[in-house]
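Working notes for the structure below.
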Amino acid sequence: MFNKSPAGGSGQQRPSTTDSFSDHFQSVVEDVEKIMQKLSTIITKLDVNWMEGSAGRTSACQETSDPQTPAEPEDGNSHLSVSDPHETESLEHQREVEEERGSGPSPDTEQTTDFTVRSSGCDDVGETGEETEVKVQLSDNEDCASPASHGDLLAETEKDEEARNVNVKEEKKSDWITVGLTGKMEDGDSHVPDACFIRAPEGAAGGLRCEMADACSCLMVTSSEELVSRVIRVTVHGRAKFPFPVTVVVPFCARYRGNYRDVAVKIIDGERRVSYVTPVATEGIYGGQRGSFAEVRVYSLGLFAVVSCLKKENYTIPRRGLSLKLSMDHRVCLNYPPGAFTVPVMAQTMIQPVEAILLASVKSRRDVFHSVVSTSPLLDLTHPTLRPMRRPLTVTLPCPPNPEKKRGTRGQGKRTEQHHTGPVATSWDQPASPRVRILGASLTSVKEMSTELLIALGSLDKQWSVLEKVTVRSQQSGLVSFELTENFDRLLVVRLLSPLQPCHLVSLAEELEESVGCHGVTVVLQRRQDDPHTALVAALPSRDLSWELSKLRARGNGGLLETSSDISMCEGDQLLLRFSGNITSTRSRGNQNDVPLERLTFHTQRMNRLQVHLTEVDPFGNYSSPHYKGMALFYKVTRGELQWRGDTEAVPKDAKHRGDPVCALPLTLPKVKEC
C-alpha cells in the first residue's frame, strides 16, 4: 500500500506497513490457539469430574436397588458440556449483563447453579410412593466442578440413603400384626376359622381384648337384615389412647346370595351408635384358611357383625332427566323426564322380592285373596321431600301374568287343531296353518290378559293406600308400567282376576310386607342314646328341615327326636325355654327369679341350636313309671320386645308377661336303678 502525501507536500513515497500487520495477525492467531487449548483442558476436566460423580451415584443406587436391575441412565439434560467458544462468550456476556442489572449474586459470593435430578433407582418407590429430588450444585470456580465438591455430594447422598434405610427399619418395627381367636365356624365349615383377626400396630395389639358376644345377636339386626357371622366384641384395656385406624377381619358364612343382597359389617360402639362399613374384601386367606372374610378399616371399637342386607342404589337425577335400569334387577326401570326436578337431586332405591311361595302362603290364610294372580316386588324409593316432582316419573316393574291361563290357552289351541282336522279334507277345508293357530292363541291370550286388573299401591309413612288415579299399563314379557307424580316410600303392583275392595288390597300389601321377613320354623329336640341327659334344641327352617336333620345326624346327633309344627319367626326373634313336670335343666334348677335362662335366637342364615343338660326335679317322683316325665315349653319373644341389659346381653322388656307357649315337646329321662 502507498500513501500519497497531502497537498502541498513533498510527494515523497512513504515506507510500507505490510510487515507490521502480519506480525500483529500472527500474534492474534497464537492467542486464539492458546484460548482453544485452555477450553479443551476445561472440557476434559469437566468430563472427568462428571464421570466420577456419575460413577459414585450409580454405585450408591446399586447398593439399595436390585442387583439384577441395571441402573437407569441419568437425564440427558443434566449433562453439562461446552463445545462452542461462541456459546461460552455469549454465556459470559449474559452473566455480566445480569451482574450489572443486580439480578445475579454479589461478587463476594461464589456463584452456583442448581438443577434437579430425579432418582428412580435409588429411591424405594414401593415403600414411600414418592420420588426423591436430589439437588446438585455446580461451581463456576475451578472449572465449574471439582472432585472435592462431588465427594461432598456423594457423602450427603449416602447419608440420605442411610437415613431412609433407618426410617424403613423403624417402619418395619411398627408393622401390622394379627391377633385371632381359635375355633371353627359353628355351621360346620371346616375351611373357615371361627375367629376375629385384628391388625394393629405392634405394641398396641397387647391392649386389645376380643371375645364372643352372641347373646347380643338379636339386637344386631333390624328391618330386612340377616346375620351371617358371630357377634364379636373388641375393646381396649385401660384408658390409654389407642392408635387408630385398626383393621378388623370377621369371618362369615352366607348361605343365600343373590342380586338383591349384599354384605356389610355392622358396628355398634359403646354409646350404642350404629354404623355400616362396606368391606374392602370379602374373600381371603386368614389363619392359614381361605374363605369368606369381611375386612374393614375402622376408627372405633365395639360390637362387630357381618349382616346380609338389601342392596341400595344411589343415583343423581339431573335437570335434563334420567333413564335408569337398576343393577339388582334390569327389569325395573325408572324414567325421569327432563324437568322432573328443578335442580339435581340425590335419590336411593331398593328392591325387596316377593316369592311365589310367600304369596301362596298369604293367599291361603284368607279366601278373599283368591283372585290375586301375582304381585310385583316391593320397590323402595327415597326422594327429597322438599323437592316435589314437577313432571311424572315412569316406573316399570315385573308382574308376571297368570301361568294357569297360559297352560289353558295351549290346551285350547290343541283341541281346536284336532277339531278342524278331519280324515278327508279338500284344499279349502284344510286346517289353519301353524302360524294362524299361533296368532289365534296369542290373540286369545291377549284377550284373557286384558280382563285381568292391574292395581298400583303406594306406602307413605308406613300407611298403604290404593293409587286410584294411576293407570297401570301391561307390556310384554310380564312387565307393567305406570306414571307417578307423588312421593311414596314403597310401591307395589297387584294383578287380579276380579276386582277387590281397597281395604282388602291394603290388607294384602300389609300382610305381604310383614310376611317378607317371616319364616316357617320347626323346633327340634333331640337326645343322644348314649347320653340321654344331654338334649340338643334347634330352630330349623321348615323348608330345609330334611336337609338340616341330615346335617345334624352327620355330626353324630342321633337318638330320640321330637319336632314341633310350623312356627312363624322373624330374624332376631327368641325362643325362651321353660320346663314343667319332673324334668328341668341344670341351669334352671334353683332359679328363684322365674326368668327362663335357656334361650334360643333365630337367624335365617345361621345354625340356631342350644345344648341343654337335663335333670330330674324329684328323684322319687313318677314312681309308677320307669321314666321321669316332663315338658319343654317354648315362648316366643319378638325382636321388638327385647332390650339391652348392659353391654352383655338382651333381655325381654316384660319378663313376667309371656303369654301362651308357641309349642310344647315331651321329655323323658330314664331312672337309674339303685343297687
Can you name the nearest heavy-atom pair linking [X] to [Y], along with the distance?
X      : Y      : result
Leu479 : Pro398 : CD2-CA, 3.7 Å
Glu468 : Pro502 : OE2-CG, 4.4 Å
Val306 : Ala294 : CG2-CB, 3.8 Å
Glu641 : Lys636 : OE1-O, 4.5 Å
Ser371 : Leu500 : OG-CG, 3.7 Å
Pro377 : Pro353 : CB-CA, 4.0 Å

[X], [atom1]: over 12 other non-hydrogen atoms inside 6.0 angstrom:
X      : atom1 : result
Arg390 : CZ    : no
Arg319 : CZ    : no
Arg387 : CZ    : no
Arg209 : CZ    : no
Glu283 : CD    : yes
Asp367 : CG    : no
Gln348 : CD    : yes

For the [atom1] atom of [X] and the [atom2] atom of [Y], what is their distance to the nearest 0.5 Å?
X      : Y      : atom1 : atom2 : value
Ser300 : Glu271 : OG    : CD    : 10.0 Å
Leu484 : Leu381 : CG    : CG    : 7.5 Å
Asn608 : Leu600 : CG    : CG    : 6.0 Å
His603 : Ser217 : NE2   : OG    : 3.0 Å
Glu225 : Thr604 : CD    : OG1   : 12.0 Å
Glu483 : Thr394 : CD    : OG1   : 4.5 Å

For this session: Under the side-chain hydrogen bond (donor to acceptor under 3.5 Å, both in side chains) rule, what do Ser327 and Glu313 come out as? Steps first, then yes or no, please.
Result: CA-CA 8 Å; Ser327 59; Glu313 185 163 346; 3.1 Å; yes

For this session: With side-chain hydrogen bond (donor to acceptor under 3.5 Å, both in side chains) as the test, would you mind laying out the steps for Ser568 and His519 before giving the verdict?
Result: CA-CA 6 Å; Ser568 178; His519 305 272; over 6 Å; no

Problem set entry | Carboxylate-amine/guanidinium proximity below 4.0 Å for Asp380 and Arg490 | yes

Exercise. Would you call Glu226 and Arg606 a salt bridge, taking side-chain N to carboxylate O under 4.0 Å as the test?
Worked result: no

So do [Y] and [X] actually touch side chain to side chain, heavy atoms under 4.5 Å?
X      : Y      : result
Trp644 : Ile268 : yes
Ile232 : Cys210 : yes
Leu378 : Ile351 : no
Leu575 : Val523 : yes
Pro245 : Arg297 : yes
Val494 : Leu508 : yes
Arg366 : His504 : yes
Met220 : Ser229 : no

Could you check whether [Y] and [X], counting side-chain N and O atoms only, form a donor-acceptor pair closer than 3.5 Å?
X      : Y      : result
Ser542 : Thr522 : yes
Glu295 : Tyr286 : yes
Thr396 : Gln475 : no

For this session: Give the ring-plane orientation class for His383 versus Phe341, where under 30° counts as parallel, over 60° as perpendicular and anything between as tilted.
Result: tilted

Exercise. Mind checking whether Tyr299 and Phe244 have parallel, tilted or perpendicular rings, split at 30° and 60°?
Worked result: tilted

Taking [X] for the side chain and [Y] for the main chain, is one N or O donor matched with an acceptor at less than 3.5 Å?
X      : Y      : answer
Ser374 : Pro400 : yes
Arg495 : Val372 : no
Ser361 : Ile357 : no
Arg261 : Ser308 : yes
Glu548 : Leu545 : no
Asp544 : Pro541 : no
Asp269 : Gly302 : no
Lys266 : Leu227 : no

Exercise. Side chain to side chain contact (heavy atoms under 4.5 Å, CB included) between Arg365 and Glu511: does it pass, once the steps are laid out?
Worked result: CA-CA 10 Å; Arg365 300 173 194 169; Glu511 291 194 22; 4.1 Å; yes

Just distance, no hydrogens or angles: give the donor-acceptor pairs under 3.5 Å from side chains in residues 453-465, sequence neighbours left out.
residue : atom : partner : partner atom : Å
Trp464  : NE1  : Glu513  : OE1          : 2.9

For this session: Assess whether side chain to side chain contact (heavy atoms under 4.5 Å, CB included) is satisfied between Ser323 and Cys333, documenting all intermediate values.
Result: CA-CA 7 Å; Ser323 181; Cys333 182; 4.1 Å; yes

Exercise. Do you know which of Val345, Leu324, Leu393 makes side chain to side chain contact (heavy atoms under 4.5 Å, CB included) with Ile317?
Worked result: Val345

Exercise. Applying the side chain to side chain contact (heavy atoms under 4.5 Å, CB included) test to Phe304, which of Val231, Val277, Val298 qualifies?
Worked result: Val298

Exercise. Please walk me through it: do Asp214 and Arg230 pass side chain to side chain contact (heavy atoms under 4.5 Å, CB included)?
Worked result: CA-CA 6 Å; Asp214 290 333; Arg230 300 285 295 272; 2.4 Å; yes

Exercise. Should Leu334 and Leu322 be marked as a side chain to side chain contact (heavy atoms under 4.5 Å, CB included) after you check the CA-CA gap, both sets of side-chain angles, and the distance that decides it?
Worked result: CA-CA 8 Å; Leu334 305 176; Leu322 176 68; over 6 Å; no

